[in-house]
Amino acid sequence: MLVDAPPLDVLLPRHRAGTQVRPTADEADLTALYAHPVPSPGGRRAAHVRANMISTLDGAATGADRLSGSINNAADHRVFSVLRAVTDVVLIGAGTARDEGYTDVAVPAGLVPGRRARGQQDRPELVVVSATGALPDRLLDAEHPPLVLTTSRRPDLPALQRRIGSDRVLVAGDGPTVDLARGLGLLADRGLRRVLAEGGPRLLGELMRQRLVDELCLTWSPLVVAGPAPRVIAAADWLTPVVTARPVHLLHADGVLLGRWSLDPSGDPSSWSTTSPPG
C-alpha cells in the first residue's frame with residue numbers, strides 16, 4: 001500500500017466522526033473498518049457477499065469510454081485494495097472480465113501478512129460467471145487461471161475443462177443461466193466464504209434479484225458525465241420488495257464519498273437491530 005495515498009475523513013459512525021484513517025503499509029485501521037464477515041458453516045448463507053462499485057454524482061457506473069477506471073480516483077483505489085485484501089473471492093461477470101481487462105488478482109505486499117493471519121491464501125481467487133460468454137485468452141492462459149462458474153449446457157464445457165483444469169470449472173446448474181446460489185455454495189465448499197462482487201451491473205442485478213448480496217460498498221466520484229451510461233446495478237424489473245440499507249460507515253477524501261451499507265433483502269427497516277452496525 002502506498003503510504004502517500006490520501007487520508008480518509010470519517011463522517012460515520014458518529015462516535016468516530018472527525019477522525020482520520022491515515023494510510024499505513026499494513027492498512028490496519030482501514031482493514032478493521034472493512035473487515036469482511038464470514039458466515040457460520042450451516043448457516044442461512046453459504047457465503048457473505050459484498051458488492052463494490054463506483055458511481056458519478058449523476059448515477060453513471062462508467063465514463064464515456066464505458067470503463068469504470070475513467071471515473072476512479074486515489075481514494076477509491078485505496079479502499080479497493082483493502083476490499084480485495086480481506087476477501088477470499090473476487091466475483092465478476094464474463095463481460096466485465098472482457099471489458100475491464102481483468103488479469104490475476106494481486107494484493108499489495110503490505111496487506112499479505114494480514115491475509116495469512118486470517119488463514120487466507122496470499123491472494124484471492126478470481127471467479128468469472130459465464131454461462132456461454134467468451135473468456136479472455138489472457139485469463140485462461142494465465143499461470144493461475146480463474147475459477148469459472150458455468151452450467152452443464154455450456155457448449156465448450158469439455159474444452160474449457162481441458163484448458164484450465166476440471167478443478168477450475170464449477171458447474172452450477174443445468175439451465176441456460178448460472179445458478180448463483182448454487183455457485184456460492186460450491187465456493188463455500190472450498191472454504192471461499194468471503195465474496196467480493198465487482199460487477200458488472202447485470203451480474204449485480206441478478207445477485208440482488210436473488211437476494212444474495214449482504215452489503216454494498218459504493219464510492220461516489222465527484223463527477224457529472226451525463227450520457228447513456230449504465231447504473232451500478234442493472235435489472236429489467238423493479239425489486240419487490242425493495243432492498244433496504246443502513247450505513248455502516250461513510251468516509252471522505254477530496255470530494256470523494258465512500259460508503260459501506262449493510263443490506264436487508266426483506267425490505268423491512270424494522271428488522272434492523274438497534275445495536276451497533278455489523279462488521
Side-chain angles (χ1 to χ4, degrees), residues 36-53 83-84 86-97 102 105 120 124-133 135 146-155 157 160-161 164 166-218 231-245 260-268 271 278-279:
H36 199 134
V38 186
S40 302
R44 181 176 65 90
R45 293 289 188 100
H48 182 98
V49 179
R50 166 185 283 170
N52 180 48
M53 296 294 280
L83 289 175
R84 284 190 164 187
V86 298
T87 193
D88 299 324
V89 161
V90 172
L91 183 72
I92 58 173
T96 295
Y102 270 73
V105 180
Q120 296 173 295
E125 290 277 9
L126 179 63
V127 180
V128 183
V129 179
S130 176
T132 59
L135 299 172
L147 293 169
V148 178
L149 282 182
T150 189
T151 80
S152 62
R153 291 193 190 184
R154 186 180 180 94
L157 181 60
L160 180 62
Q161 291 170 324
I164 66 173
S166 58
D167 64 319
R168 308 294 296 171
V169 181
L170 306 183
V171 177
D174 303 317
T177 60
V178 176
D179 183 333
L180 293 173
R182 185 172 175 181
L184 293 173
L186 293 174
L187 294 173
D189 289 344
R190 296 185 174 214
L192 306 174
R193 305 177 69 83
R194 306 173 183 92
V195 176
L196 177 65
E198 293 185 354
R202 286 182 296 177
L203 175 60
L204 292 188
E206 187 58 24
L207 287 166
M208 283 286 190
R209 188 186 70 80
Q210 297 185 35
R211 302 306 203 253
L212 295 174
V213 182
D214 298 285
E215 60 180 85
L216 173 63
C217 293
L218 180 62
R231 294 165 57 184
V232 295
I233 298 172
D237 299 316
W238 300 97
L239 293 176
T240 307
V242 299
V243 174
T244 58
R260 178 183 174 192
W261 299 81
S262 185
L263 305 182
D264 175 20
S266 74
D268 180 9
S271 68

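All values below come from the heavy atoms of this structure, side chains included, with hydrogens, waters and symmetry mates left out.
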Does any N or O in the side chain of H36 come within less than 3.5 Å of the main-chain N or O of H48, such that one atom is a donor and the other an acceptor?
-> yes
Mark yes or no for whether R193, through its side chain, and P39, through its backbone, hold a donor-acceptor pair below 3.5 Å.
-> yes
Check whether more than 12 heavy atoms from other residues, nucleotides or ligands sit under 6.0 Å from atom CG of D167, and answer yes or no.
-> yes
Looking at R50 and D214, does any basic side-chain N land under 4.0 Å from a carboxylate oxygen?
-> no
Could you tell me whether a side-chain N or O of T132 sits under 3.5 Å from a main-chain N or O of R154, the two making a donor and an acceptor?
-> no
Using the side chain to side chain contact (heavy atoms under 4.5 Å, CB included) rule, take R194 and V86 through it: C-alpha gap first, then chi angles, then the decisive distance, then the call.
-> CA-CA 8 Å; R194 306 173 183 92; V86 298; 5.8 Å; no
Measure across R211 and L239 and return the closest heavy-atom pair with its distance rounded to 0.1 Å.
-> NH1-CD2, 3.7 Å
Can you name the nearest heavy-atom pair linking V105 to P124, along with the distance?
-> CG1-CG, 3.5 Å
Picking from L147, T87, V127, what satisfies side chain to side chain contact (heavy atoms under 4.5 Å, CB included) with L192?
-> L147
When rounded to the nearest 0.5 angstrom, what distance separates CG in D179 from OG1 in T150?
-> 12.0 Å
Is any side-chain heavy atom of L135 less than 4.5 Å from a side-chain heavy atom of V128?
-> yes
Check step by step if side chain to side chain contact (heavy atoms under 4.5 Å, CB included) holds for L180 and V129.
-> CA-CA 9 Å; L180 293 173; V129 179; 4.1 Å; yes
Return yes when atom CZ of R190 has more than 12 non-hydrogen atoms of other residues, nucleotides or ligands closer than 6.0 Å, and no otherwise.
-> yes
Are D174 and R153 close enough that some pair of their side-chain heavy atoms sits under 4.5 Å apart?
-> no
Minimum-distance pair of heavy atoms, taken over all atoms of A47 and V195 | CB-CG2, 3.9 Å
For T151 and A172, which heavy atoms make the closest approach, and how far apart are they?
-> CG2-O, 4.3 Å
Quick check: does any side chain N or O of R260 sit under 3.5 Å from a backbone N or O of L216, one acting as donor and the other as acceptor?
-> no
Less than 3.5 Å apart, which donor and acceptor atoms pair up between the side chains of residues 199-208 and the rest of the protein, not counting sequence neighbours?
residue	atom	partner	partner atom	Å
E206	OE1	R209	NE	3.2
E206	OE2	R209	NE	3.1
E206	OE2	R209	NH2	2.5
E206	OE2	Q210	NE2	2.7

Quick one: closest heavy-atom pair of A46 and L184, and the distance?
-> CB-O, 4.2 Å
Is E125 reaching over with its side chain to a backbone N or O of D88, donor-acceptor style, under 3.5 angstrom?
-> no
Side-chain touch L91/E198, heavy atoms, less than 4.5 angstrom = no
Taking the side chain as every heavy atom from C-beta outward, state whether M53 and C217 have any pair of such atoms under 4.5 Å apart.
-> no
L186 and L170: which non-hydrogen atoms are nearest, and at how many Å?
-> CD1-CB, 4.1 Å
How far does OH of Y102 sit from OG1 of T96, to the nearest 0.5 angstrom?
-> 6.5 Å
Does the side chain to side chain contact (heavy atoms under 4.5 Å, CB included) test come out yes or no for S130 and L149, once each step is laid out?
-> CA-CA 6 Å; S130 176; L149 282 182; over 6 Å; no
